[in-house]
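Each chain gets a letter, A, B and so on, in the order its sequence line appears, and its residues count up from 1. Bear in mind the structure is a predicted one, so any value in this text is a computation, not a measurement.
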Amino acid sequence: MSVVTLLYECQGIFSALILSVTGILVLLLDAFSPLGRKGRLGAVAVTGTLLALALLRMDSAGSTYFQGMVVWDRFSVFLSGVLLLGSVLVIFLSLDQLRRTGLECGEYYALVLFATTGMILMVQAAHFIVLFLGLEIFSLAIYILVGLARHEKRANEAAVKYVLLGGFASGFLLYGLTFIYGATGSLSMNAIAAHLGKGETVFNPYLLLGSALVLVGFAFKLALVPFHLWTPDVYEGAPTPVTAYMAVGVKAAVFGALVRTFWVALPAVHAHWTLFFWALAAMTMTVGNLMALAQDSIKRMLAFSSVAHAGYLFMAVVADSQDALTALLVYLLAYTVMNVGAFGVLVTVQNRQESGERLEDVRGLGRRSPFLAACMALFLFSLAGIPPTAGFVGKFMVFSAAVQSGYTGLVIVAVINSVIAAYYYLRVVITIYKPGDESSEVFSEPMTATLSAGEKGALLGAGALTALVGVWPHAFWNLARQAVHVLF
Amino acid sequence: MESVSFPLLSTLVFLPLLGVLVLLVVDRDNEPVQRWTALTVMGGCFGLALIVYAGFDATNVAYQFEEKIPWMPGLGMTYHLGVDGISLLLVMLTAFLGPLCVLACWSDIRYRLKEFLICLLLLQTGMLGVFVSLDLVLFYIFWEVMLIPMALLILIWGHPARRIYAAVKFFLYTMAGSVFMLVGILVLYFHHARTTGVASFDLVTLSGLNLPFSLQLWLFLAFGVAFAIKVPMFPFHTWLPDAHTEAPTVGSVVLAAVLLKMGTYGFLRFNLPLFPEASVFFMPVMVALALVGIIYGAFMCLVQEDLKRLIAFSSVSHLGFVILGLFSFTLQGMQGGVLQMINHGLSTGALFLLVGMLYERRHTRLIADFGGLSTPAPALTTFFMIATLASIGLPGLNGFVGEFLILLGTFRAKPVWAVLGATGVILAAWYMLWMFQRVFFGAVTHDENKRLRDLVPREIGVLVPVVGMIVWIGVAPTTFLEKSEPAVSHVLQKVRERVPTAEERPSAWMTACAAWEHIKGK
């Protein structure tokens, strides 16, 4: 391959390249920046990410690069946009948090950038090897990020758990891929689809076993019930910005890959798994919500609620239609902004308090910081799916697509779950606005003044998008619709 | 109907939001400006509502002042507003009470006034939006949106003892009902899209549907549960006494006067015209629940010791009358039902305002703590008496007209129901007059009550318009009935098109069986 061709091909992974180059730059600059001034590295990371975001092109109808290994189409562009947005917000939230917890180091930003690189590769993958590569790149980065607070027992435990179970997940996925390779003779998505033919359902035990194992691998990463057992501990142990990043970034990337796997490469086995998908979705949201109901720690509650949201998202996969996938993308966007926002408020509260994770810690936040309280209320109402917020739009679209495909039963399970979820979200809002015991109030002075610019920016950005998607869903629906178009 | 060039209804609905924006920038300590802003905005809303009322063509059955803008064309969602006679009256009620609510809480709210007024304005937008939406998704959004400010009102400014419990109960009950409505909306939408090829959430478009009976049954239940909880019909009423009792005065007023009407409005706007056969099929159940609500609510009133709780339970009873009227499927009954929605809003609203004023003076709502108040507070007693008499349906006041029409219509449908319903009127006279006697007559038993301050001019200013309306409706109900008549008879027509009329009907059950046979025959 000549240098010219290579350069031409590189435009297919342009975003990933910008991110990884910025990551390496951050690592290099790290050597020259004194302790306590590492925040500047964060600025470099944000610049890189914003650059990648700004250079996303929506014009392409889908071109493949590197001999069909990666594909750059509207679908990848949309998800890359969501991923980049998520990582910008997370970096903004991390700046202050890292300094305060003494975890500040250049690697942190580099790892976030590398993780995003992996995620983008994953949604771009048109070949299962690239998919696996992307998965491992972002997994490795996140394993480290989870265990960043290495003096903390909780973080160690979380990291070990995540590495072990993540390893299992990768193993399952890889094992599944070997079966698929054996059954079809290729790992390229298009080649597999061509081999199996479109239209009719194929019954091939090896292929079915292979796709089942791949699905298990994805389910681990997405924390679908019953593969979710690692979630609460890992989410709780990780530094809160990392938790936010895991909750949204990993979901967007893996859902993107899952959609490509089951729509582009393996539509022929899709019908075999419908019932299984149905059960996964129903179990995931029910178990997630019921467990969230019992939590006293907001962080754990949000962890379980993210399990439940994976269930709602998975409904779109069950519904299996163009509208459903469009809904999935809009929901992913909505979920990213509102969840990062909710975790973000938690981060800022944590920055000013010893722990800031328990329900008690946000008591009286409404008086201490009306801004933070209003943000939290907005994000929680959005997570609960109350209009006119992004969460409502996402849920509405997913439910609508599921009803359209005839899964009204599943939608009824989902709406009952929504009511359960409303309770625990509401409980946090209530605690926020509940007057605290004046005498025992440690932080009675207003906190608004002490919010750092990064935190304020992240919360305002996430809040604005949560409201915007809610009030003006049309624009986002159109973008998602075009993105999904390339898959059909 | 022609589209009006000036978006009058949108302005009406979103004017309170503008007020919210203004309030956000007003300085926290500058309470007079906050109050006046809210009052001006609410007054402006009422002014706009009056313009709508004046421009409304009572002879026209179609929706008027329509606004239709594509909102999500891909999904068939439109921003579609419009009023007919039924929604017009409810919009008027909402807009009429808005400024009075602000006046009523003038000195009542001691902390976080700004947030309180913001909640009140948001609530106003939500309620007005519900009554003028002609797109199902838009309706659902407004329906859900007003949940949050109402829950916050109870939560933050409610009575300290049990406000959290009450707020959560209110929120969860309503939300549990409305998510089923959401599923119903989606099913209706896709049925329409499949049968006609047109994707639309538009009420006008959807009402052209001829739904199969089995689907109607499910949809009636899906929508009905949301509305029945909001009404609240027995046995979904348990959130109401808690929410009412714990809410601040203005919250109770809004809750009783307007929010509950959203449930009965929903039945009239969606269930009856969209699912007429199912409505007839469920009529016996609905009537039975309404009658149980009337009598059970009344008996619960008899044992209440707390004034607010008593009025709350009386709402269960009164709203039972509304449902009874709507499901009598006679023009008189349904017209009475619509009028009674307004009446209940006015008289119960007035009662809650008065109890709030009493509470402000004495910090108690227990009947036992009062007695002989007519001596120290004659003005308060007079207003309370008018509201009480309106509530029990004294001829010449509004309650009489509504209840009379309802019972008349019900009697035409089935005399036994009317007889059972009429016991509610008797019971109402019993518990209300008894309560009135214990609170206002006799000797002053508590020393604190001897120096009870009578009403101040501001409070009288709040009460006079309400009492004026009470008398107006009582004396000249036609002014209002003629506005709603075309719309109501249109709904009735839709029900009768499919099923035998009330006069020909041997019994409700036989009609239901006939409807069932009719479907099976298909």
* Asked: Should we say atom OH of Tyr423(A) is surrounded by more than 12 heavy atoms from elsewhere, each under 6.0 Å from it?
  -> no
* Asked: Which residue, Ile430(A), Ile386(A), Val429(A), forms the side-chain contact (heavy atoms from CB on, under 4.5 Å) with Phe171(B)?
  -> Ile386(A)
* To do: Taking all heavy atoms of Met72(B) and all of His474(A), pick out the closest pair and write down the distance.
  => CA-ND1, 3.7 Å
* Structure fact -> Cut-off 4.5 Å, heavy atoms of chain B, and the answer for Val393(A) is neither
* To do: Could you grab the distance from atom OG1 of Thr326(A) to atom CG of Leu75(B), nearest 0.5 Å is fine?
  => 9.0 Å
* About how many Å separate CD1 of Ile164(B) and OG1 of Thr431(A), when rounded to the nearest 0.5 Å? -> 7.5 Å
* Measure distances from Ile420(A) to the heavy atoms of chain B and classify the residue's part below 4.5 Å as side chain, backbone, both or neither. => neither
* **Toward chain A: residues of residues 175-188 of chain B with heavy atoms under 4.5 Å** => Met175(B), Ala176(B), Val179(B), Phe180(B), Leu182(B), Val183(B), Leu186(B), Val187(B)
* **Contact check, side chains of Trp143(B) and Pro387(A), non-hydrogen atoms, under 4.5 Å** => no
* Can you label the angle between the Phe396(A) ring and the Phe201(B) ring as parallel, tilted or perpendicular, going by 30° and 60°? => tilted
* Segment of Ala384(A) engaging chain B (4.5 angstrom heavy-atom cut-off) -> backbone
* To do: Examine whether an atom of Leu172(B) lies under 4.5 Å from a heavy atom of chain A, and if so say whether it belongs to the side chain, the backbone or both; otherwise answer neither.
  => both
* Asked: Looking only at atom types and distance, does a side-chain atom of Arg194(B) sit under 3.5 Å from a main-chain N or O of Gln404(A), one as donor and one as acceptor?
  -> yes
* Enter the distance from Leu426(A):CG to Leu155(B):CG here, rounded to the nearest 0.5 Å. => 7.5 Å
* Asked: Is it the side chain or the backbone of Thr408(A) that comes within 4.5 Å of chain B heavy atoms, both, or neither?
  -> side chain
